[in-house]
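So the structure is just underneath, and the comments pick up after that.
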Number of protein chains: 2
Amino acid sequence: MDALDTLPDEEFLRLDRQICFSLHAAARAFNGVYREALKELGLTYPQYLVMLVLWEHGELPVKGIGERLRLDSGTLSPLLKRLEAAGHVERRRSAEDERSVTVRVTAEGAALRERALGVPRRIGAATGLDLADITDLRERLTALAARLDGLDPDELRPSCG
Amino acid sequence: MDALDTLPDEEFLRLDRQICFSLHAAARAFNGVYREALKELGLTYPQYLVMLVLWEHGELPVKGIGERLRLDSGTLSPLLKRLEAAGHVERRRSAEDERSVTVRVTAEGAALRERALGVPRRIGAATGLDLADITDLRERLTALAARLDGLDPDELRPSCG
DNA sequence: CACTATTCAGTTGTGCACAACTCAATGGCG
DNA sequence: CGCCATTGAGTTGTGCACAACTGAATAGTG
């Protein structure tokens with residue numbers, strides 16, 4: 001039994017506004033909190049995401065970063081240039097495959113990690129959620145994103161609505 | 001009590017990557033799904049959000065839109081210009097207060113609403129969530145955003161907008 | 001009334017997301 | 001081997017988010 005099917009379109013539009021807004025606003029609010037916490041590190045939120053995966057792996061090709069963060073080269077190329085200009089990473093073309101560019105954390109970038117260690121704890125405190133809440137929310141969002149990313153575009157076309 | 005307090009910083013950083021990524025990715029995935037669904041209407045996701053509040057209220061000052069969507073004039077001014085160029089809305093300076101600009105839905109903009117009615121149902125189906133799931137997720141995200149924005153949740157709740 | 005502070009919309013500049021594209025390197029196939 | 005499709009990074013152009021600012025209109029205060 002899906003209660004959604006019983007709602008008229010009008011009500012759907014109202015509900016949609018609430019959902020659209022809540023997700024959009026939550027993402028921006030989260031972004032804003034991180035912006036504040038990361039200000040002292042000189043990192044933006046997406047740059048922090050990139051540094052997090054690089055801190056875990058030491059070095060990765062641009063493609064590898066993109067796969068882990070679902071970002072394409074159009075977003076990553078200029079972002080990585082800025083991280084390199086800031087001295088946090090180094091980029092060099094791969095010897096085995098001249099098409100590929102390997103991104104490696106510099107000594108300065110590794111030192112930045114130490115200064116970043118306190119950030120997540122402060123964010124966690126700001127959310128007011130405990131570990132179970134956070135984990136639950138994370139799992140739901142991950143599942144939702146996975147489903148939406150794997151969607152056939154045709155399912156969103158009017159003929160299928 | 002709070003399991004978060006027992007985690008070392010290292011573990012926190014790992015957890016943070018998962019949370020940051022999941023929220024960031026979910027927001028972008030949602031955005032992508034709407035982009036696809038809204039393509040035929042010629043609207044972007046933020047433009048759709050603006051049209052949703054305008055369809056509910058008929059006309060609003062720029063400030064009123066900004067309050068409901070937590071967006072400032074730096075974002076809204078160019079966006080509204082594009083909506084006006086597309087013929088969906090009309091902007092005119094208020095007679096009572098020359099500082100204020102009133103945004104009103106045009107006949108074309110109202111007609112667009114009819115074509116938009118099917119969008120939320122298709123999105124709802126795409127998420128694979130039922131009404132209870134959606135409502136629960138929405139409430140959590142709204143509460144989280146409210147806390148992070150440092151505001152009273154009631155002021156942010158769409159139903160009060 | 002005159003003066004100041006605030007409000008409102010808009011502009012500028014930076015950074016991110018994404019589509020569409022370029023270009024060189026690689027891999028596959030006949 | 002030669003040809004062509006594919007891959008990987010980068011570039012260009014559009015739109016959004018946000019900070020910092022401008023300028024005009026209004027509100028508040030003495």
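FYI, side chains are in, hydrogens and waters are out, and symmetry mates aren't considered; it's all heavy atoms of this structure.
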Separation of [X] atom [atom1] from [N] atom [atom2], in whole Å?
| X | N | atom1 | atom2 | result |
| --- | --- | --- | --- | --- |
| B:Lys63 | C:dT6 | NZ | C1' | 11 Å |
| B:Asp72 | C:dT7 | CG | P | 15 Å |
| B:Ile65 | C:dA9 | CD1 | P | 9 Å |
| B:Lys39 | D:dG15 | NZ | C1' | 15 Å |
| A:Tyr45 | C:dA17 | OH | C1' | 14 Å |
| A:Glu96 | C:dT26 | CD | P | 10 Å |
| B:Glu98 | C:dT6 | CD | P | 23 Å |
| B:Glu36 | C:dC18 | CD | C1' | 13 Å |

Which nucleotide in the set [options] lies at the smallest distance from any side-chain heavy atom of [X]?
| X | options | answer |
| --- | --- | --- |
| B:Val62 | C:dA9, D:dA25, C:dT26 | C:dA9 |
| B:Arg28 | D:dG15, C:dC18, C:dA9 | C:dC18 |
| A:Arg93 | D:dA9, D:dA17, C:dA17 | D:dA9 |
| B:Arg91 | D:dA17, C:dG15, C:dG10 | C:dG10 |
| A:Thr75 | C:dC18, D:dC18, D:dG15 | C:dC18 |
| B:Arg99 | D:dG8, D:dA25, D:dA17 | D:dA25 |
| A:Leu71 | C:dT26, D:dT26, C:dA17 | C:dA17 |

Looking for any heavy atom pair under 4.0 Å, which part of the strands does [X] touch: base, sugar-phosphate only, or nothing?
| X | value |
| --- | --- |
| B:Ser100 | sugar-phosphate |
| A:Asp97 | sugar-phosphate |
| B:Ser73 | base |

Do the charged groups of B:Lys81 and B:Glu90 touch, with an N to O distance under 4.0 Å?
->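 B:Glu90 and B:Lys81: not salt-bridged.
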Does A:Arg70 place a side-chain N or O at less than 4.0 Å from the phosphate oxygens OP1/OP2 of C:dC18?
->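 For C:dC18, neither OP1 nor OP2 has a side-chain N or O of A:Arg70 closer than 4.0 Å.
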Respond yes when some side-chain nitrogen or oxygen of A:Lys81 is under 4.0 Å from OP1 or OP2 of D:dT11, and no when none is.
->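 Answer is yes, contact under 4.0 Å.
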Aromatic plane relationship, A:His24 with B:Tyr45 - under 30° parallel, 30 to 60° tilted, over 60° perpendicular =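 Ring orientation, 0 to 90° scale: perpendicular.
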